[in-house]
Amino acid sequence: MKARIEIVRRPEIADPEGVTVVRALHDLGFSEVTRARFDRVISLEVEGMSTEAVTARVEDMCRQLLANPVLEDFRVVIDP
Amino acid sequence: MKARIEIVRRPEIADPEGVTVVRALHDLGFSEVTRARFDRVISLEVEGMSTEAVTARVEDMCRQLLANPVLEDFRVVIDP
Amino acid sequence: MIIEDEETAPVETSSVHHQLGLTDDEFDRIRAILGRDPRPAELAMYSVMWSEHCSYKSSRVHLKRFPTAAPWVVVGPGENAGVIDIGDGWYVALRIESHNHPSFVEPYQGAATGVGGIIRDIFTMGARPIALWDSIRFGPLGQARNRYLLKGVVAGIAGYGNAVGVPTVGGEIGFAEHYSNNPLVNVMCLGLMRREQLVLARSGPEGTRAILLGAGTGRDGIGGASILASTSFDAASSQKRPSVQVGDPFEEKKLIEACLELYERDLVIGVQDLGAAGLSCAASEPVAKSGMGIDLDLDLVHVRESGMNAVELLMSESQERMMAFVDPSRVEAVLAVAAKWEIDAAVVGTVRDHGNVLVNHGGETVAEVPAVSLVTGAPNYERPLGEPQWMEDLWSNTVKFVAQPAIATALLQMLDDPALASKAWAFEQYDHMLFLNTVIGPGHDASLLRVKGTDKGLALSVDGDGRLCYLDPRRGGARLVYEGALQVALAGARPLAVVDNLNFGNPEKPEVMWQLRETIEGISEACEALGMPVIGGNVSLYNETNGIDIYPTPVVGVLGLAAPLPSPPPRLDRALAGMELWLFGTEWAINLAGSSFELVTFAHIGGRPTAPDPTAGRAALQAGQMLAQEGVAPVLHDVSSGGLALAVAEVAIASGVGVTVRYSDWRHLFCEDPHRFIAAVSPDAAIRVAGLAAQASIPAAPIGEFGGNEIVFDRNGIRAALDLGVATSTWSQALSRRLV
Amino acid sequence: MTRVAVVVFPGTNCEHDTVHALRSLGADAELVWHRQDTLDGFDAVVLPGGFAHGDYLRTGAIARLAPVMGPVAGMARAGRPVLGICNGFQILCEAGLLPGALIANSGLAFLCRWVEVEVISDRSVLTSLARPGQVLKIPLNSYEGNYVDPSLSGRVVMRYVDTPNGSQGGAAAVTNLEGNVVGVMPHPERGSDEVLGSADGLILLEGFLASARVGAGV
Ligand SMILES: Nc1ncnc2c1ncn2[C@@H]1O[C@H](COP(=O)(O)OP(=O)(O)O)[C@@H](O)[C@H]1O
Ligand SMILES: [Mg+2]
């Protein structure tokens, strides 16, 4: 199966990269941009039978390795 | 409006993150993972009227700054 | 946390101050100072300024003990960093800081913001930060959590230090179970400046403008570092997570360049960095030190998030911010410099002679308190202290050796110990060459930096210890100072000054306070014996998790001046086949208490470590410095953790040549008693070397030769040998192989 | 005297080291702020190492849009010597002045160490005074040092003796067809003094200055 993990930075956490990129876009004349946020998507190919089982395992991977619980929230989507 | 840009690494380009993470997941006992790919999602808040106009502008931003044609393809989704 | 619209209403409920970490007595003290109940913003300011982290209320009475004076000291403890005059019109600034608790909560960002903070302390003084050292300690690598913390901390130091453009040229990594839930992350920073550029945290006269430079203020670390570093750790600490701060090395790099330009063009009267206690501290400290007050308008502070109230604005620990005090006629020029470097700046206040910190927000006065009361009004605790009842048992708990252990096996075991093995896995992640100053970088004893435009060099070492100090805090603390000074001398430098970082447990326990007092006593005695002042440092208390305190762990940085810079300087990797191996210092030392040998081979910690000997210590410094300066010993290396056996093995591995060591009692090989070092000497220099040793009146003798491809220990013909290739690969991989 | 512009972006940090090394070779090296839009009067330009714009988004991505990059491209077209060191290499790729791109090291860790590089060709402004086959000892210092070039159109002029970062074909330095635009990942300016461990980098910087004097590519 394919698992798609969306990892988003918690809103209250500072995002220097976003700030810097907005500055750069304004320099380029794209003054209409008011905010930029950077998130990550991790696509996994996983062997497994039931969507439930795979979801549970992948959520485990996120907690243990893929996401940083202090700074990020994550969402797992499975397409069988 | 909100513009969502998916930056996808070209398949022919090496992906050190992906390779390393698969190894790390196996070390953690997640042997069912056969492949991992890392992509980025950039969410912009953009002032603008028509979806078409905004799409055009954002694609422009991608070509000029947000994506590197050597390494990446991009896809723009606008939700008004 | 009090987040209410009625910001001007006094705080009725006294429970609020508990949430902020203030005791009832402290709350009453505040009432007495104000003659009324404090408003929320006022209580918030007192809570951060009077926190252990910012006020040193438990340690100040003991810190007084440190010797702090010497002719070359320009600025001693009390400012953001100590400053030393190295001649030729050059000053150096030095300081060490800890970021222990934040690094446990989020290792990458905790370590990164620790680096950012110590760098600000240096360029706040007017100096360009030119080098960093990291001293970090973790639990055993057998546990996944500890591996995660080590990887995260090293990546954080690299991620921030490399990008901000300050090389990390040395450091140390230690391990012990006690640090499993309480890693130690201490970082030392060195700065260099022309004499004219020295700046202090002063506010200037009535009418001076306060300009806030750098990152926008957000809700980062509300009740963070200062509170985090001032209370113990437990399960509940996970709730402190939302206060994690994120570092932005890019913003700090711009801030460094902007501030250095301000100093060069003499545009500021004084500056203060925003660290723990953020705006509360930066607004009050400089004015208090100048006997002034300030009108502060929070509506003018540039923010990252909207809707922040006064309490949040005053307590925020957002990183990469500086407060500059500027004469009204210079304000435009300062704002122009900020604009050039693409950093935000805002005039947020005006210095007043009313002596108060008067804070306005939304057109209302939200705080009006005497500046001095925030900075020096905190109580000074003479906390009860007492020698732990376990000391006697510890001292009598020694190993009785019935037979001689297998020496080669014992050495191989030590070479495979992550605490003793190569740290290349870590320091190759650090840029350690930027600025073209690094003559001797990581992987040797002291770091040696050249000072361009002079014939001088700066030698620095940083060493921490928990085990010896647990066995005897006074002797352990003193030995750290002697060890650091010796390493600096072996680089050809004269030791000039010390900074210290005191990482201890819960000060409300008499045993911990005793350990703290004894350690400070030991460090002070050694500094006095060697004529070195303490010019700055940091105290980190409450390093305790679930009631278990860490080992008492002081970290000592020693700064030395090499005039001239020895060329070529001694290095570990310059031994050649045919050279003689010399040992300097008392050869008959046999005390194994607290040694790595007893720990690694017997998992034993006990006995009483040998006390340092000032006379022997001074002799070792003199001999080492002369040998390095005359260039008669291509290799000089001190004997410390792992004893003579490991010291010799390190030289053989670094130089890629075998060695034979002659000994009489096997315990000489593993003893770690102080004031001893080894050298590689070419036979034709032997006479001169012996002469210099005699001149310094230090025992010295050849105890072996370099050559072959084995490390051999020889007792009247009975040989124990270890293949150099095996030793090298074991030592090189001991750390990295445990981290994959 | 040869006038060399050393460009400073916000976040650049090797500018002073680069100037120091070039001046030790008698060049007249000057810092130029990234917002400057002319390089008139300069014989050559160097984009030094560091973290321009914090390496945010992609390393070199924001820097390549700076006003100074117009004149840099102009010098490249005019056949004048253009050198990108480390972060400067990444900027030249982002700017399309060199083919390919630089991605994260295969080890996914920053790498700062002395490396040995073998000179493959002397037909570039950087290697003009070096012998093909010659091995030089210079410091490497990068996280994104892993060169990829799907077009295979970049000419490798220096190769790692033992590739530490996964770089395609072991590429340590790459040039355009004309040989006047060069990107090098290790830092020649850091190998500029025996006191620091090696002076091999001077062979490269001398070649660069020599090319600047004759005023053209090789
Ligand atoms: N253990 C110590 N030894 C010597 N000086 C110390 C020690 N701990 C703190 N100090 C000094 O106390 C002063 C105040 O420290 P601190 O409030 O932490 O400064 P900052 O706010 O810049 O971090 C500094 O000058 C520091 O050098
Ligand atoms: Mg400070």
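Reminder, nothing fancy here: chain letters follow the sequence lines and each chain counts from 1. Predicted model, so just to flag it, every value in this text is computed and none were measured.
At a 4.5 Å heavy-atom cutoff, C:Gln319 makes no contact with chain A through either its backbone or its side chain. Interface remark: A:Leu71 contributes side-chain atoms only to the contact with chain C (heavy atom separation under 4.5 Å). Using a 4.5 Å cut-off between heavy atoms, C:Phe250 touches chain A through its side chain atoms alone.
Closest approach of C:Arg304 and A:Ile13 over heavy atoms only: NH2-C, 4.3 Å.
Summarising the local packing, CZ of A:Arg63 is surrounded by more than 12 heavy atoms from other residues, nucleotides or ligands at distances under 6.0 Å.
Of all residues in residues 157-164 of chain C, none places a non-hydrogen atom less than 4.5 angstrom from a non-hydrogen atom of chain A. Within residues 15-34 of chain A, the residues having any heavy atom closer than 4.5 Å to a heavy atom of chain C are A:Pro16, A:Thr20, A:Arg23, listed by residue number.
By the salt bridge (Lys or Arg N to Asp or Glu O under 4.0 Å) test, A:Arg9 is found to be paired with no residue, residues two or more places apart in sequence or in another chain being considered. Annotation: salt bridge (Lys or Arg N to Asp or Glu O under 4.0 Å) contacts of C:Asp248 (sequence neighbours excluded): none.
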